[in-house]
Amino acid sequence: MDLLEYQGKQLFAKHGVPVSPGRPVTTVQEAVSAADELGYPVVVKAQVLIGGRGKAGGIKLAGDREAVEQHAGAILGMEIRGLRVRELWIEEASDIEDEYYAAFVFDRSAKKPMAMFSRMGGMDVEAITAEDPEAMRMLHVDPLLGFQDFHGRRLAFEAGIPEDVIRPVGEMLGKLYEVFVSEDATLVEVNPVVVKTDRSVNALDAKVTIDGNALYRHPQTAEMRNISDESPQERLAKERGLTYVPLDGNIGILGNGAGLVMSTLDVVAQAGGKPANFLDAAGGSKAEAITSAVEVILSNERVSALLLNIFGGITRCDEVAQGLIAAFRQVEPTVPFVVRLDGTNGPEGRALLAEAELPNLHIEETMLGAAEKVVELAG
Ligand code: GDP
Ligand code: MN
């Protein structure tokens, strides 16, 4: 789970990593009152899960109320590489003297966390590192020993930063490691770490990824939502514990098993159609599970036809058919459904469906046949 900058900074603050005060807002009016509270100048920052916001015009310095109004108005609703900005972070502006780069990542081949630090931050780090590999200093962390302040100072010293900031940078690295471990992060990246004109050191940006499998240990983090790029379907699916990926077509897809759903997407595309989503209903043959998944798909108004692709293995097709019939009576869909039901007890399942005479339901035996039918019905 990726966190927005300000959510990452909330975790930083919790562990004593120095950050600037700020407020998350969703309207121009809130932006202005936040800036009034913080005092001018402030920085208006787009909150989207993508880097390079600065270059895209999503980060602006504002010296007074009018400037905040103007920038917040321009940035809210703006699209940054496909992501719509719906939230801003208004932060007390910093007087910057220097920009560094710091990160903790997992080095899977070494089976250890790795600390990274460079005195060339703020810009395109990959490009700089490709040109001058020595600029990026790295250190594997022994998980038992942990990352001590002296490790941090060593990295900072090797990176060649001025002597007076080696100690505070080393300290910050130690605290970032604490965030990495105690928040179950798989990535903690700060670009830039800044040295301000008063020589204090501050995390000016935050990119934090939390291990999704560890979220049960962090209920507060699990609650952090990103209203920018989560569709209502994604939110609903998450609430219901379904694996759902939005796509931009009009054919709703539901299958059992991730592999089967993937192939269904391919076959629909091959038949000339555009899938609206990926949804794996896993082993759910019960009416409840099917109803729940169908509701998520149909809450997307773009869906004009739906393909249910079920292959009965351990799950029996007659059970699935019964679940489907009950689900249909409850949801009463208005868009056409194509059902491909095959595998264990396939004929029995199809016979049950045929007998039920559900309106708008078409039964197919093969995957390609079902894909062609749904493409035709979707129009
Ligand atoms: P990114 O472009 O998405 O990585 O967003 P950042 O938060 O890293 O900001 C991009 C750049 O904006 C930074 O590298 C800074 O140069 C600049 N910036 C951000 N906040 C401030 C600030 O408080 N004061 C000044 N002077 N510049 C800032
Ligand atoms: Mn940045």
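Everything quoted here is computed from the prediction, not taken from an experiment. Read the numbers this way: they start at 1 and go in the same order the structure lists the ligands and their atoms.
Residue contacts with ligand 1: Lys55 is placed with no nitrogen or oxygen under 3.5 Å of a nitrogen or oxygen of the ligand (distance criterion only). For ligand 1, none of its N or O atoms has an N or O atom of Glu92 under 3.5 Å away. Backbone and side-chain nitrogen or oxygen atoms of Ile59 are examined, and none is located within less than 3.5 angstrom of a nitrogen or oxygen of ligand 1.
Aromatic ring orientation, Phe180 versus Tyr177: parallel (interplanar angle below 30°, classes split at 30° and 60°).
Atom 2 (O) of ligand 1 has as its closest protein heavy atom Gly54 N, 2.8 Å. The shortest contact between atom 3 (O) of ligand 1 and any protein heavy atom is with Arg53 NE, 2.7 Å. Distance from atom 19 (C) of ligand 1 to its nearest protein heavy atom, with residue and atom name: Leu204 CD2, 3.5 Å. Nearest protein heavy-atom neighbour of atom 28 (C) of ligand 1: Ile96 CD1, 3.6 Å.
The nearest protein heavy atom to atom 17 (C) of ligand 1 is not closer than 4.0 Å. Distances from atom 11 (C) of ligand 1 to the protein include no heavy-atom value under 4.0 Å.
Distances from ligand 1 to the non-hydrogen atoms of Lys45 include at least one value under 4.0 Å.
Shortest distance from the Mn ion (ligand 2) to Asp205 is reached at OD2 (N/O/S atoms only).
Open room surrounds CD on Glu288; 12 or fewer heavy atoms of other groups in view lie less than 6.0 Å from it.
Between Lys45 and Glu5, at least one side-chain N (NZ, or NE/NH1/NH2) sits under 4.0 Å from a carboxylate O, which counts as a salt bridge. Under a 4.0 Å N-O distance rule, the pair Asp142/Lys112 does not qualify as a salt bridge.
Taking all heavy atoms of Val43, Asp205, Asn202 into account, the minimum distance to atom 8 (O) of ligand 1 is reached by Asp205. Checking Glu99, Glu5, Lys196 against atom 15 (C) of ligand 1, the nearest heavy atom belongs to Glu99.
Between Tyr101 and Glu189, some side-chain heavy-atom pair lies under the 4.5 Å cut-off. Side-chain contact check for Met1 versus Leu215: some heavy-atom pair is nearer than 4.5 Å.
In Asp95, neither the side chain nor the backbone holds a heavy atom less than 4.0 Å from any atom of ligand 1.
Atoms of ligand 1 lying under 4.0 Å from any heavy atom of Ser94, numbered from 1 in the order shown and given with element: 22 (C), 23 (O), 24 (N), 25 (C), 26 (N). The atoms of ligand 1 that sit less than 4.0 Å from any heavy atom of Ala93 are 23 (O). Interface of Pro192 with ligand 1, defined as ligand atoms under 4.0 Å from a residue heavy atom, comprises 8 (O), 14 (O).
Looking at Arg340 and Asn309, their side chains do bring a donor and an acceptor atom within 3.5 Å of each other. Donor-acceptor pairing under 3.5 Å is recorded for the side chains of Asp107 and Ser109. Between the side chains of Asn360 and Thr334, no donor-acceptor pair of N or O atoms lies under 3.5 Å.
Taking the six-membered ring for Trp and the full ring otherwise, the centers of Phe117 and Phe104 sit at least 6.0 Å from each other. Between Phe328 and Phe337, the distance from one ring center to the other falls under 6.0 angstrom.
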